[in-house]
Amino acid sequence: MLHIDLDRSPKHLPYYLQISEQVRQAIASGKLAAGTRLPPTRQLAIELGIARRTVVLAYEELCAQGYCTSQVGHGTVVAQIPVLQREDAICNTQGFPQWLLTEADYTFQADDQNTNKICFTPSLAQVDRLPLKVMQQTMSRMIRYTIPKLGHYKKENGDLELIQALCQQVLPTRGIKAEPHQVLITNGSQHSSSLLSMLVAPYGGNISYGVPGYPAIPQNFIMRGMKGIACSVDSEGVRLTEEVYSARIHYVMPEHHFPQGVTLSPSRRSALLQLAEAQDALIIEDDYDSEFYYDRHPLPALKAGDLGGRVIYMGTFSKLLFNGLRLGYIVAHPEMIRRLVDIRWQLDGGTSLILQRWIAELLKSGAVERHLRRMRIHYRKKRDVIATYLQELFPAWQWQLPSGGMQFWIQLPPEQLADAIVHQAAERGVGLWSGAAYYEPGVKEANHYLVLGYGAITESEIHQAFDRLRGLGH
């Protein structure tokens, strides 16, 4: 017997679609066997209290999809189609392919629903101080002028206006001289590293990276077949051990190695460049937040001293403006850019023209530079407030005052574990981060470090958070 349950709420789907879908599900599950005659359209319409034409449309839809057949004088009959048995569904892990099963953990971590929680989230920029009026005006003006170009797109390395603004205004501040054909616009650093891994991973080899560090970037290469070489990090940055010499790719964050914030020393910079040249290797320089410096100007980018073209420079606007922007760029050898453009074209066609032109206009108008100067002062002030609280409330915690960047790296005393501190802080409505997330799995010392990000948190929230944290760990 066919049972149809119609949703009659104000925003319901059309009745004929509801009927056809419920009949289709009954057929697919085997509840309606092949050869079963469906109720006459007039009879079903009366039972449901709807127009007969609606039922006719539903039956016609089922016939068009191949689930039923209809002949004049014989009514509408369920067609002969394969039926998925319940035991088949169980064996097939509810539809997930056996060959995709893996031990890797791809679990999505949902956002914390505690709206009263104050979080020291690393790597996030503060957005409530953005020059919104200028940004809105620029967007409106830019859309009017750009409309004629929005009807098409082409295979290219990015919008020329944005690339020229990068070459003339942004890159020179890092000591980099580049021409437009050496730049590729991307959807942020993660996207940049994914494109690079698609290019180089098929050739095999090893990738070296600092630990603790930012694992998501090297993981793009490892998951595509390259072998990872984890290198320790000290006060001079990534250590160039003997094992590093076998790497084909070296991933580094020279100015502010995340999360410690240490700078790669001049001697190691020189050694790394020489190593890449001697071993026919490449260096991926992730310059994610060097704009934010407080006690000294940053050293020039590693790319600035790259005479042999071995450095692939990755930049982003996420920390400079806001993380949801998802706009970045790669500066590399022209042949590397050409190949990346080919991959990019096949992958997604390119970055939004509106987005690129908007940022180009903000750069050319000076709005970005003015915002950067303001935020540099503001972040420094927040850094100093946190440092004062740490000295007062947690004298046993060891840390260095960050000379740049947007986070503190804190070593806990032997009797304290990061997991316990994070849990206790959460109970008080404060979000802290364990340093274990930035180590290789199974490293015991990892549970003795904390990361306190101060980019997104406001100064008022900092005071509230430390009031809640008084006595933590005792």
Side-chain angles (χ1 to χ4, degrees), residues 116-126 128-129 212-214 233-237 253 255-263 265 289-298 319 374-439 444-474:
N116 294 320
K117 195 172 185 180
I118 301 173
C119 295
F120 289 90
T121 310
S123 299
L124 293 184
Q126 186 170 340
D128 61 355
R129 289 175 172 259
Y214 187 64
V233 179
D234 59 22
S235 60
E236 294 187 64
M253 296 171 277
E255 186 53 37
H256 301 144
H257 182 91
F258 185 89
Q260 302 98 311
V262 296
T263 298
S265 67
D289 73 349
S290 63
E291 303 93 346
F292 297 110
Y293 54 87
Y294 314 120
D295 303 322
R296 62 165 178 81
H297 284 272
K319 310 297 183 293
R374 289 193 297 267
M375 294 310 296
R376 196 180 287 141
I377 295 171
H378 183 60
Y379 285 154
R380 176 173 181 165
K381 184 178 180 182
K382 291 195 292 182
R383 178 203 68 168
D384 293 344
V385 170
I386 292 174
T388 300
Y389 273 118
L390 290 175
Q391 290 172 335
E392 175 191 347
L393 302 180
F394 306 103
W397 292 6
Q398 298 180 30
W399 46 273
Q400 296 290 328
L401 187 68
S403 62
M406 295 188 289
Q407 74 279 335
F408 279 79
W409 176 250
I410 300 170
Q411 182 176 1
L412 299 174
E415 67 274 12
Q416 292 185 352
L417 296 178
D419 288 346
I421 295 295
V422 169
H423 179 71
Q424 293 172 27
E427 290 181 332
R428 301 178 181 213
V430 178
L432 304 180
W433 268 254
S434 168
Y438 309 105
Y439 277 90
K444 292 183 179 180
E445 67 181 78
N447 202 22
H448 287 284
Y449 291 92
L450 292 175
V451 180
L452 264 68
Y454 54 86
I457 193 170
T458 66
E459 188 175 349
S460 173
E461 288 173 332
I462 292 173
H463 292 295
Q464 295 178 51
F466 278 102
D467 280 342
R468 298 178 184 182
L469 293 177
R470 292 179 182 276
L472 184 73
H474 296 298

Within a strict 4.5 Å, meaning less than it, do heavy atoms of the Leu472 and Phe394 side chains meet?
yes
Determine yes or no for a side-chain-to-main-chain donor-acceptor pair under 3.5 angstrom, with Thr263 supplying the side chain and Glu255 the backbone.
yes
Within the side chain of Arg428, is there an N or O that forms a donor-acceptor pair under 3.5 Å with the backbone of Arg470?
yes
Here the gap from His256 atom NE2 to Met406 atom CE, rounded to the nearest 0.5 Å, amounts to 10.0 Å
Does some side-chain heavy atom of Phe466 sit less than 4.5 Å from a side-chain heavy atom of Leu390?
yes
A quick test of your reading: do over 12 heavy atoms of other residues, nucleotides or ligands sit less than 6.0 Å from CD of Glu459?
yes
Starting at CZ of Arg383, measure out to CD1 of Ile462 and round the result to the nearest 0.5 Å.
12.0 Å
Arg468 versus Lys117: any side-chain heavy-atom pair under 4.5 Å?
no
Just wondering, do Phe120 and Gln407 contact through their side chains at under 4.5 Å, heavy atoms?
no
Taking all atoms of both residues into account, what is the closest heavy-atom pair of Gly435 and Val451, and its distance?
CA-CG2, 4.3 Å
Once the angle between the rings of His297 and Tyr293 is folded into 0 to 90°, is it parallel (under 30°), tilted (30 to 60°) or perpendicular (over 60°)?
tilted
Judged by atom type as modelled, is there a donor-acceptor pair below 3.5 Å linking the side chain of Tyr438 to the main-chain atoms of Gln260?
no
One should read off an interatomic distance between Gln424 CD and Leu469 CG, to the nearest 0.5 angstrom, of 10.0 Å
Does either side chain, that of Thr388 or that of Glu392, offer a donor lying less than 3.5 Å from an acceptor on the other one?
no
Keeping Glu461 on the side-chain end and Ile118 on the backbone end, is there a donor-acceptor pair under 3.5 Å?
no
Treating His257 as the side-chain partner and Pro212 as the backbone partner, does any N or O pair qualify as donor plus acceptor under 3.5 Å?
yes
Trp433 vs Thr121 side-chain heavy atoms within contact, under 4.5 Å
yes
Kindly compute the distance separating CZ (Phe292) from NE2 (His378), expressed to the nearest 0.5 Å.
10.5 Å
Look at the aromatic rings of Tyr449 and Trp409 and report parallel, tilted or perpendicular, splitting at 30° and 60°.
parallel
Could you give the distance from CG (Asn447) to OH (Tyr439), rounded to the nearest 0.5 Å?
10.5 Å
If you measure from CG on Leu432 to CG on Asp419, what distance do you get to the nearest 0.5 Å?
12.0 Å
If you count heavy atoms of other groups shown closer than 6.0 angstrom to NE2 of His423, is the number above 12?
no
Does the plane of the ring in Tyr454 sit parallel, tilted or perpendicular to the ring in Tyr294? Use 30° and 60° as the thresholds.
tilted
Side chains of Val262 and Asp234 in contact at under 4.5 Å (non-hydrogen atoms):
no
Is the shortest side-chain heavy-atom distance between Gln398 and Ile410 below 4.5 Å?
no
Do Tyr214 and Ser123 have side-chain heavy atoms sitting under 4.5 Å apart?
no
